[in-house]
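Just so we're on the same page: letters track the sequence lines, and every chain starts at 1.
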Amino acid sequence: MKANKQCPICKKDIENLQTQYCKNHSKAKRELKKGYEAWLKAYGSLSWDDFLQKILNLEGLTGVFVREIAQHEFYFSNE
Amino acid sequence: MSSIETPYILGIAEKPQAARRIAYALDENNKPQNKRLKNIPIYICKRDGKNIVIAPTVGHLFTLSSIGKTWNYPVLDYEWVPSHFVNKNAKTKNFTDVFKSLAKGAEDVIIMTDFDREGEVIGYLILKYLVGKSNAERMKFSTLTRRDVINAFDQREKSLDMGFLNSGLIRHYIDWLYGINYSRALSLAFKRVSGRFKTISIGRVQGPTLGSVVEHENSIKFFVPIPYWTIKSEVILNNENFTAVYEKAELKTQKEAIQVVKDCSGLTGKISNVSEEPSFLYPFPPFNLGNLQRDAYKHFKFSPTKTLEIAEKLYLKALISYPRTDSQKLPMTLGHKSILAKLSKQHNYNVFANEIIAAKKYKPKEGKQTDAAHPAIHPTGKELNEVLPPDEKKLYDLIVKRYLSLFGKRAEFLKRAIQILVNKHKFEVRGSKILNEGWIRYYRPYYSISEYILPDVEIGTEVIFNYIESQEHLTSPPRRFNESTLLKYMEDEKIGTKATRAGIIQTLFDRGYIGGKEIMPTPLGISVVNVLQEQYPILVKSEMTRNLEQIMEDVQTENKDIQGTILFIKRELKDLLELFHQKETEIGLALYKNLQLSEKSDIIVLGECKQCKKGELRIIRSRKTRKRFVACSSYFDKDIICNVTYPVPNTGTIKSTKKTCIHDGLPIIEWQKGRRKVSMCISPDCPSKKEGEKNESK
Ligand SMILES: [Zn+2]
């Protein structure tokens, strides 16, 4: 079997090779970005990193997939 | 048998307790003769100069079975066979034998099973396969009280209800066809790829239900909380403090929230308006099964299955009407005056029942929903000859009080609002005064209200604010289903029927697809849904099952031809299975991968191994036997080869508690299956288990 591209977060195979993450974590990233837009509107100004940090502190509210992607973005991404 | 005088009318009742009640009601002297045949109680009564022999069944004595014994699909041919042929543990053989032998002396037959689809099918199958007739007279009743049973006998129908019978039969055929074919298809797809056999089954109604639970869980997993703000304030009115609410319940931006506080700070307000308006609250509608299950969950935390079981018991004791009903109607023909008069003799209810009788208002409030066979659930008023067990007592009380509340006057309030203006921002202090509690008195403690009295104030008066401040909040993810809200969801989505919904939820628990009081899908449940969602979505979407429900409904109401309908359904199913067959490898592969992942996520580390003090204890599954057990990771270490193992249950989910046992220092695990949750030491020889056994055997 050929080596498949794996999601860096959950190690699941990535079906759509255009994306960086698996299906769930790609969707979580889209939700995270939508969330950022809403937070930006609510606060007027907020950096992406501050947003991630706030989201990560909200245990019990932030969904697990979103949490995982936020963590990954916070520590490994240089966007 | 020789001792029973022939000929006689044979009565077929649904349960032993129902047979007994019917017999006592029908016998002219209230003293039916009681006999036992093969240890089954039967009753002989005399009425209108005839002998009536009433024998009970215990639900279904027959089950569908495939004709031909291949293990492939599609399987489209079936036959009814006695349940004890298929399931050796079924306790139905004696009942079957009794009907066979009673058939010989019967000149006529009356079906006395519960009046609904299932009751019709149960009676029909006994009639056809054990008595050798294709139709019989039919008694229809909604309570097991004397009055209703005798009425049902006097006005019995000449024939079974064909609408109920056909729609009941077709339901069995459809569920059997879908159940067996998809169970085989999924299990074979998995076996083709993995080489091992594993039963993966998902019924026609379980699929969409499980699909919804997984989808709901996903909306929690993908949830991003969003901030919003509210304004909190407190004012002084006539030297007392009152909470005032701001005109906008929610503010979307921090800027706006800060602005409101800034605009008002240090200012006094002025009363700009005082309004008063009467407000009314009407009784809730009568209970149908779904409402009762929800309210019993709310007040007593009874699961829907449990509520139905208890209601069934109360029905068999003739204390309430038939509980499997959709109806919220209580027609006057039920004799409310007489029911209320009887309730007035029960000391818990006498005050309110007498009050209603004195008011001479005998027309109860009704709801919109209807049922083809039964009225809403209501008490019969029959006296309590025994002390009810606690759970039955609770449910009975809820049902009686709900019934009484339907005759109560509407509750009346006077709502007051004091409007305060500060720098163009509007605040309001709201209060209410109870003028008449009405029906609520009858329904306590299941509903209550409190009043909030406001002082008399004048327009134009200055008002001092103790504080005005903004508060930041975050939106919350949707709440997980509990059994009660899942049931409601199924009702709204038209998945299943009143009689089957609670059982479907139970099956999903039993098969390990869902777990917990706050219902979550298990890794297995998620895997199955993910695969089907992608490869074969009709099994987890509600459209197909809703269409089938409609077809079954049509068979009942329009008396559609059952043979033609079932042929049509078989043809459609065959096509769907052909589609499945074409995708079998893909589906099998996806199932294999997903289940492996879900099983992998099952590897649970419990802590250090006490034996070798090097490795760690982990729960693993044997590749060969698929059995689950605890083993030490040093088993694979050539220098140690620690082969310590402990058995653990094969089914259910296991979690590490990170605690150790006080007796032997070994890890304690938490095992959960369905709603059961147990913490236990992993050692089978642990003294804690011996104590447990002793306690249990006592
Ligand atoms: Zn991933």
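- Taking every heavy atom of both residues into account, B:Leu474 and A:Leu58 meet most closely at CD1-CD2, 3.4 Å.
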Inset, instruction - Please lay out, stage by stage, how A:Lys23 and B:Glu534 fare under the test side-chain contact (heavy atoms from CB on, under 4.5 Å). - result: CA-CA 12 Å; A:Lys23 213 175 96 191; B:Glu534 217 146 87; 2.8 Å; yes

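- Between B:Val224 and A:Ile55, some side-chain heavy-atom pair lies under the 4.5 Å cut-off.
- Both the backbone and the side chain of A:Lys27 come within contact range of chain B, judged by heavy atoms closer than 4.5 Å.
- Here B:Ile226 contributes atom CD1 and A:Glu37 contributes atom CD; the two are 10.5 Å apart, rounded to the nearest 0.5 Å.
- A heavy-atom distance below 4.5 Å is found between the side chains of A:Asn24 and B:Phe222.
- Heavy atoms of other residues, nucleotides or ligands lying less than 6.0 angstrom from NZ of B:Lys301 number more than 12.
- A perpendicular orientation is assigned to the rings of A:Tyr43 and B:Trp229, their planes being inclined by more than 60° (bins at 30° and 60°).
- Taking 4.0 Å as the cut-off between side-chain N and carboxylate O, B:Lys221 and A:Glu31 do not count as a salt-bridged pair.
- Few gaps surround NZ on B:Lys583; more than 12 heavy atoms of other groups in view lie less than 6.0 Å from it.
- Looking at B:Ser219, neither its backbone nor its side chain comes within 4.5 Å of chain A, counting heavy atoms on both sides.
- Contacts between B:Glu472 and chain A at a heavy-atom distance below 4.5 Å involve the side chain alone, from C-beta outward.
- For A:Glu59, the CD atom is loosely surrounded, since the number of other residues' heavy atoms within 6.0 Å does not exceed 12.
- Shown here for A:Leu61 and B:Pro477, the closest heavy-atom pair between the two residues is CD2-CD, 3.6 Å.
- Between chain A and the residues B:Leu251, B:Thr253, B:Ile220, the most heavy-atom pairs under 4.5 angstrom are made by B:Thr253.
- More than 12 heavy atoms of other residues, nucleotides or ligands lie within 6.0 Å of NZ in B:Lys541, so this atom counts as buried by the packing criterion.
- With contacts defined as side-chain heavy-atom distances shorter than 4.5 Å, the pair A:Thr62/B:Phe223 does not qualify.
- The contact between A:Asp13 and chain B is made entirely by side chain atoms (from C-beta outward), counting heavy-atom distances below 4.5 Å.
- When heavy atoms are compared at a cutoff of 4.5 Å, A:Lys54 does not approach chain B at all.
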